[in-house]
Amino acid sequence: MLTVYGTELSSRLFLGTAQYPSPTILADSVRASGAAVVTVSVRREMGGHLAGQAFWRLIRELGVRVLPNTAGCFSVKEAVTTAKMARELFSTDWIKLEVVADEDTLAPDVFGLVDAAATLAADGFKVFPYTTEDVGVAERLVEAGCEVLMPWGAPIGTGRGLANPAGLKTLRARFPDLPLVVDAGIGLPSQAAQAMELGFDAILLNTAVAKAGDPVRMAEAFARAIEAGRLGYLADPMEPRDMAAPSTPMLGRAVFE
């Protein structure tokens, strides 16, 4: 069971709610994934009052926990203001914190991220920061009050998988007891399984499911891959070898002359 900020979650998959072909497919995908947490964009919900009400009704009917995000914020002030709006709109102190540095890569502004995290944590928010795999930045975020870290696998929406597995592995080793969620860049169930095999606690994804030819089936595939990756990690897998090692003993084999 995954526990974040004192809350036990029944699933290790966090699912985004944007870009689905229809509300029905979104709802069916969430159910197929078994996700206990869905992310929602505050900007999207504030854009249209009636549309926002219908969306919020759908989420409530699914019975999942909401993790609002500050997607599209390019400054500390904008991110903090958006987080406060989210708290009022969704009645939660959970916030996925994004402070974006660059429009092309959507890379995190790690300096602004730390500042915004400290401000929000001091105001009672439970911050889920979208960050890089940089260990130094991670330490600053923990010092700022974050009890979970969400490093990217690759830039948002690219589907490239884990661009820096070695860096993610180092981050896992540095924070062995802190919940770590790979957020962004995952495109295939096998990539999610790879992250889980490294010892990460959960996966957050959106585009890989929403833009699949069959989002519902893909959501189920990710759920199974994440479970398989977690079981593989807990099974303590063998270390890779440089040389071949026979699985059948060579001693006692037949000799023909």
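Treat the numbers as computed from the prediction; the structure is a model and nothing was measured. Because only heavy atoms are used, hydrogens play no part in the values below, and waters and symmetry mates are left out as well, while side chains stay in.
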* To do: Please report the shortest heavy-atom distance between Val148 and Pro129, naming the atom on each side.
  => O-CD, 3.1 Å
* Using the side chain to side chain contact (heavy atoms under 4.5 Å, CB included) rule, pick out the option among Thr7, Asp93, Leu67 that qualifies with Lys126. => Asp93
* Asked: Within the side chain of Ser33, is there an N or O that forms a donor-acceptor pair under 3.5 Å with the backbone of Val30?
  -> yes
* To do: Give the minimum heavy-atom separation between Gly34 and Ser11, together with the two atoms involved.
  => O-CB, 3.1 Å
* What residues, two or more places apart in sequence or in another chain, satisfy side-chain hydrogen bond (donor to acceptor under 3.5 Å, both in side chains) together with Arg160? -> none
* Are Leu149 and Val135 co-members of a hydrophobic cluster defined by side-chain heavy atoms under 4.5 Å apart? -> yes
* Asked: When rounded to the nearest 0.5 angstrom, what is the spacing between CD1 in Ile156 and CG in Asp183?
  -> 6.5 Å
* Taking the side chain as C-beta and beyond, is there a heavy-atom pair between Trp56 and Phe90 under 4.5 Å? -> yes
* Asked: Atom CZ of Arg87 and atom CD1 of Ile95: how far apart are they, to the nearest 0.5 Å?
  -> 9.5 Å
* Structure fact -> By salt bridge (charged side-chain N to carboxylate O under 4.0 Å, His left out), Glu220 pairs with (sequence neighbours left out) Arg224
* **Same apolar cluster (I L V M F W Y, side chains within < 4.5 Å links), Tyr233/Val4** => no
* **Spacing of SG belonging to Cys73 relative to CG belonging to Asp109, to within rounding of 0.5 Å** => 11.5 Å
* To do: Could you pull out the closest heavy-atom pair between Asn206 and Ala18, with the gap in Å?
  => ND2-O, 2.9 Å
* **Salt bridge flag under 4.0 Å for residues Arg172 and Asp201** => yes
* Do Val142 and Val182 share a hydrophobic cluster, counting only Ile, Leu, Val, Met, Phe, Trp and Tyr and linking them when any side-chain heavy atoms are less than 4.5 Å apart? -> yes
* Asked: Does Thr131 use its side chain to pair, donor to acceptor, with the backbone of Pro151 at less than 3.5 Å?
  -> no
* Enter the distance from Leu205:CG to Leu13:CG here, rounded to the nearest 0.5 Å. => 5.5 Å
* Asked: Is it true that atom CZ of Arg60 has more than 12 heavy atoms of other residues, nucleotides or ligands lying nearer than 6.0 Å?
  -> yes
* Considering all heavy atoms of both residues, which atom of Ile59 and which atom of Val66 are nearest to each other, and what is their separation? -> CG2-CG2, 3.4 Å
* Might you work through the side-chain contact (heavy atoms from CB on, under 4.5 Å) test for Ile203 and Phe222, ending with a clear yes or no? => CA-CA 9 Å; Ile203 305 293; Phe222 270 107; 5.7 Å; no
* Hydrophobic cluster membership, Leu188 vs Leu204, 4.5 Å side-chain cutoff -> no
* To do: Flag yes if Phe175 and Val110 sit in one hydrophobic cluster, no otherwise; membership is Ile, Leu, Val, Met, Phe, Trp, Tyr, and two members link when side-chain heavy atoms are under 4.5 Å apart.
  => yes
* Worked check of side-chain contact (heavy atoms from CB on, under 4.5 Å) between Val37 and Leu9 -> CA-CA 8 Å; Val37 177; Leu9 301 175; 3.9 Å; yes
* Candidate pair Leu15 and Thr17, rule side-chain contact (heavy atoms from CB on, under 4.5 Å), full reasoning -> CA-CA 7 Å; Leu15 194 62; Thr17 56; over 6 Å; no
* **Sub-4.5 Å side-chain heavy-atom contact between Leu162 and Leu198** => yes
* To do: Might you confirm whether atom CD of Glu197 has over 12 heavy atoms from other residues, nucleotides or ligands at distances under 6.0 Å?
  => yes
* So Arg12 and Phe200, side-chain contact (heavy atoms from CB on, under 4.5 Å) or not? Walk me through it. -> CA-CA 10 Å; Arg12 295 178 182 271; Phe200 281 77; over 6 Å; no
* Got Leu58 and Leu62 here, is their nearest side-chain heavy-atom distance under 4.5 Å? -> yes
* **Glu98 backbone acceptor or donor facing Thr70 side chain under 3.5 Å** => yes
* Output the distance between atom CG (Leu106) and atom OG1 (Thr158), rounded to the nearest 0.5 Å. => 10.0 Å
* To do: Find the distance between CG (Asp123) and NZ (Lys84) and round it off to the nearest 0.5 Å.
  => 5.0 Å
* To do: Among residues two or more places apart or on two chains, list those pairs meeting ring-ring contact (aromatic ring centres under 6.0 Å, His included) that have a residue in residues 101-150.
  => Tyr5-Phe128, Trp94-Phe128
* **Glu133 to Leu168 - nearest heavy-atom pair and separation** => CB-CD2, 3.8 Å
* Minimum heavy-atom distance Phe14-Leu2, with the two atoms named -> CE1-CD2, 4.2 Å
